[in-house]
Every structure is written in structure tokens, then in C-alpha cells.
Amino acid sequence: MTIGLVWFGNDLRCADQKMLWRATQEVDQLICLFCDAPEFKRPTQYATQGMSDKRRTFLSQGLDNLSQKLSALGQTLYVSELDPLNSLSLMLDALPISHVFLNHHGGWNEQSTLHQLAERFTDVQFHIEHGQTLFEPWQFPFFIEDLPNTFSKFRRAVETLEIADPLPNVKILPARVDFDLLQVRFARISPWQVRSRSNNKSCINSPFIGGEVSAQQQLTDYFTTDLPSYYKEVRNALSGWENSTKFSVWLAQGSVSARQILAALRQYEAERGANESTYWIFFELLWREYFHWYAACHGKALFLPHGLTSSHDTSSNAPLSKRANTVPPRSYYPERFRKWCQGNTPYPIVNACMKQLNQTGFMSNRGRQLVASCLIYELGIDWRYGAAYFEQQLLDYDVGSNWGNWQYIAGVGADPRGGRRFNLDKQTEQYDPDGEFIQTWQGDQFDRQLDSVDAADWPIYPQTGY
Ligand SMILES: Cc1cc2nc3c(=O)[nH]c(=O)nc-3n(C[C@H](O)[C@H](O)[C@H](O)COP(=O)(O)OP(=O)(O)OC[C@H]3O[C@@H](n4cnc5c(N)ncnc54)[C@H](O)[C@@H]3O)c2cc1C
């Protein structure tokens, strides 16, 4: 009797799920596990909380849905309160598990956890699938360690490669392992209790409901309109449900796969015609793909202040206005950071975007670029604080896409131009000419004075400015 363990992470779905197929072929009994890692709850080194309540609710909804789907396939979803390394070690030590099934994760922590487990449990087979990406790494004409250093080079190398169709759903899974029968007690591992009805009050009006059912609904809704044919023309708007696909939130949770989206896109193109806009949806999915492999390739460097640049020189005394395209600032101003998070800076467009993020858990791509540029180049704050706040707030938080995009704007990542500083006045004229977006989110309400204390913590008097 072989026992396997399916280790869910940011892949909360049963559809297009190769690891479930693999499990049905390899083992007689199965445990389905998700680790609700404590770092989600702990304050981080960047003065953020790890995961906002909205993100947590979205995750719970995804787990609710997964648990229901697994139960229809004769399985139970177990959730551990321990971090993945401890959870898996505990279970692999205590139970005769011979196979572990999981999807490849680009993140440094996830990769190192896997390495530690594989080193310690040498008689366990770890099956790593690539259910989160469009491609499998063996398809690339380069090794992941030699990932092209810009997106354009990557795109040119991969965009004509074949992309597999989504897999059909598994109809039945191996039998569940009865924990009592095995006489094992794991105090902090228990079956997931479906709770969406009781704890989702705060999200009743949110258009983002976690889980596979909502993900499929959004996929169908989007591709039954003609929005995909106009995507490129409207994708830069600061708000508006219909102006971009909104797939990112479900992609980040893994309640839909990139291949499912691509299949729906191809079907739309076959039925209604392909154009530059439909191509651009694919183009953006390639950006996501790039950042997945970028995280896998660069590991820890994704979180370093100087990122991929070799320079550790943070002593630049050049004024901030001259610093874009050089070394980004390494400073931390608690008051400025707090005000940026709250949407209380001298830049109404930034304030509006941040308030939108805080209230909805989402911000447009253009908005993200503007607020990131503001944090780095106007407020002079180390980009990693901004990335960490996004990690806390964004429903679509994804390690590669988030930290990779921040590096790009800070000029320490994959941007051949060495950073992006946006002119916030010009951007406001272009993307909010009537001030409607700013007004909706009350971006024009802010303290007239940015700093109330100077670098030595002395109060600055509003009237005199010193
Ligand atoms: C500073 C910053 C941080 C970001 N953090 C994240 C993040 O944590 N998670 C995340 O999914 N995206 C992130 N993005 C990328 C992008 O802003 C979002 O993917 C996009 O706004 C999501 O909305 P959508 O699904 O409607 O996108 P659409 O415009 O409809 O794009 C379709 C899909 O393409 C992908 N995509 C689009 N733009 C990008 C991009 N620049 N990088 C990577 N993938 C992209 C997403 O999967 C998206 O769902 C970030 C961008 C910036 C500038």
C-alpha cells in the first residue's frame, strides 16, 4: 500500500492539475495538505504584517473551494499551522509516505524548503510539476540559470514554443488516509473547515472571490464579451473592471492556470478573430512567465537592495531628481512610508491609487508603476519597503511578479534602461485628465506638509518649513 502527499501552495485548484493525475497513477492512498505558514501572520522586517485581512479572506475562500472540490473526489484537505518545512518533516517522519507531489514554485524560500526536504528524505520521491506556468523548463532553448537578462530577449526565445492544452479533470483520487487509523496525532494539522459564509462579511461587496468557481466565472465572463479585442487600448486605465482581465488574483492563488487562460484566449481568437489586443494578453502572460523563471533563476537576489546589479554603492549623494537610472535610494523614512501606505503624500494620483489598493486589494498596472516610482524617486525610500507593502495588500501577490516589477522600476533588475521614473504630473494629465479617479478615491485630501520631523527627529514647523 503506497501513500502519497499532495502539497498544495499557490495552486488551489483541481482542474488542469497534473500533480493530481500523477498521484492517481503512483499511489494507493493520499493526503492533501496546505501549509498556512506563520510568516503570513507575523510582522516582517519592513514594518508590514505579512498578509492583510483581505488577502487572508481571499485565501480562505480559495481553500473553501478546494476543500469542497477535493471532498467531491473522495479526499480531505488538511491544513497545517506549521511552516512547510516543519509540516512536511513531521508527516514524512511519522507516516510511510513514499511520494510527494507539488508544483514548481519560483520563490527562494519555497525552493530552499524543497531542497532541505529532498536532502533529508532521500527515499521519498518528489514529483515537481509545472502547473503554474505556460511552459515546462525543458522546452526553453536555454538553461534557467542562463535566463535572458531582459524580457524582450526572453519573449523572442519562447513565444513560438508550443503550449500544452489544459488537462481534463481527474474523476477520482486515491483513497484518503485515515489519520486515526494510523494512530498519529498532529496537533496543528487538521481538516480544513469550510467557512466562507461566516467570515466573509468584510468582502461581501468585493468583486474578487477566491477559488476555482469564481476564477472560471471570470474566465467565461471576460471571453464572452468583446473586451479582449480592445484590451490593448484600455489596459492602462487606472480603474474600471472591464479595462483589464483581472485574472491576476486567481492566477496568484492558482485557482486558474495560465494554460487555461491561454486556451480560452485561443478559442476566442478562433471564433472572433485575433488582433493586436488579443496578442497583447498573451504578451502580458509572458511577462508573468518571465518573472516566474526570473525568481527561480535569481533566488535571493530578488530581495537584495541592489538586486541583480553588482553595485553595492549606496553612497550616492546625487539629488534624487538625478538618481533615476542609477543606484536607487537605501533610506527609510518611517513617516513618509506610513503616509505613502495610507495615501497621504503630496501626489494626489498616488494617494488615490494607494487608497484604492487599501480598500479593494487591487491596483491597476499603471497605478502600480506610478506609486512605485513615487516611493523610490520622490520619497527616496528603499524600494523593498514598497514591495513588502504590496506583498501584504495585493490579492494577486506573486513573488516573482511583485519583486521583479519593483526591481525593474528601481533599476536593479531586468530593465535595460536602468529604472523607470514617471513624471507624476504628466501621468495625471494623461490618465486622469478630469480628476475623476482622484476624486473618487479622495486622493486630493492629504497633509500639506510631507515631513513633520527632520532627519534628527526635530519637529519641523509648518509655517516656516524648518
Ligand atoms: C510594482 C509592481 C508590482 C506588481 N506586483 C504584481 C504581483 O504581485 N502579482 C501580479 O500578478 N502582478 C503584479 N504586477 C503586474 C501587473 O500590475 C498585474 O499583473 C496586473 O495589473 C494585474 O491585473 P490584470 O490581471 O487585470 O492584468 P492584465 O492587464 O489583464 O494582464 C493579464 C495578465 O498578464 C499578467 N501581467 C500583466 N502585466 C504584468 C506584469 N507587468 N508583470 C507580470 N505579469 C503581468 C498578469 O498575470 C495578468 O493577470 C506588478 C506590477 C508592478 C508595476
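Each residue takes its place number in the sequence, starting with 1. Note that the coordinates shown come from a computational prediction; the quantities given were computed from them, not determined experimentally. Order of appearance sets the numbers: ligands from 1, and atoms from 1 within every ligand.
- Residues lining ligand 1 at a heavy-atom distance below 4.0 Å are given as Tyr231, Ser244, Thr245, Lys246, Phe247, Ser248, Leu251, Glu284, Leu285, Trp287, Arg288, Phe291, Phe362, Asn365, Arg368, Gln369, Phe390, Leu394, Asp396, Tyr397, Asp398, Ser401, Asn402, Asn405, Trp406, Ile409, ordered by chain and residue number.
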Exercise. Check the pair Phe154, Tyr294 against ring-ring contact (aromatic ring centres under 6.0 Å, His included), reporting the backbone distance first and the verdict last.
Key: CA-CA 10 Å; Phe154 172 79; Tyr294 178 92; over 10 Å; no
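- Atom CD of Glu271 is surrounded by more than 12 heavy atoms from other residues, nucleotides or ligands within 6.0 Å.
- For the 3.5 Å distance criterion, the side chains of Tyr397 and Trp403 qualify, holding a donor opposite an acceptor.
- Side-chain atoms of His292 and His104 include a donor-acceptor pair closer than 3.5 Å.
- Expressed to the nearest 0.5 Å, how far CG of Leu66 lies from CZ of Phe8 amounts to 4.5 Å.
- Taking the six-membered ring where tryptophan is involved, the planes of Phe337 and Trp340 are essentially parallel, since the angle between them stays under 30° and well short of 60°.
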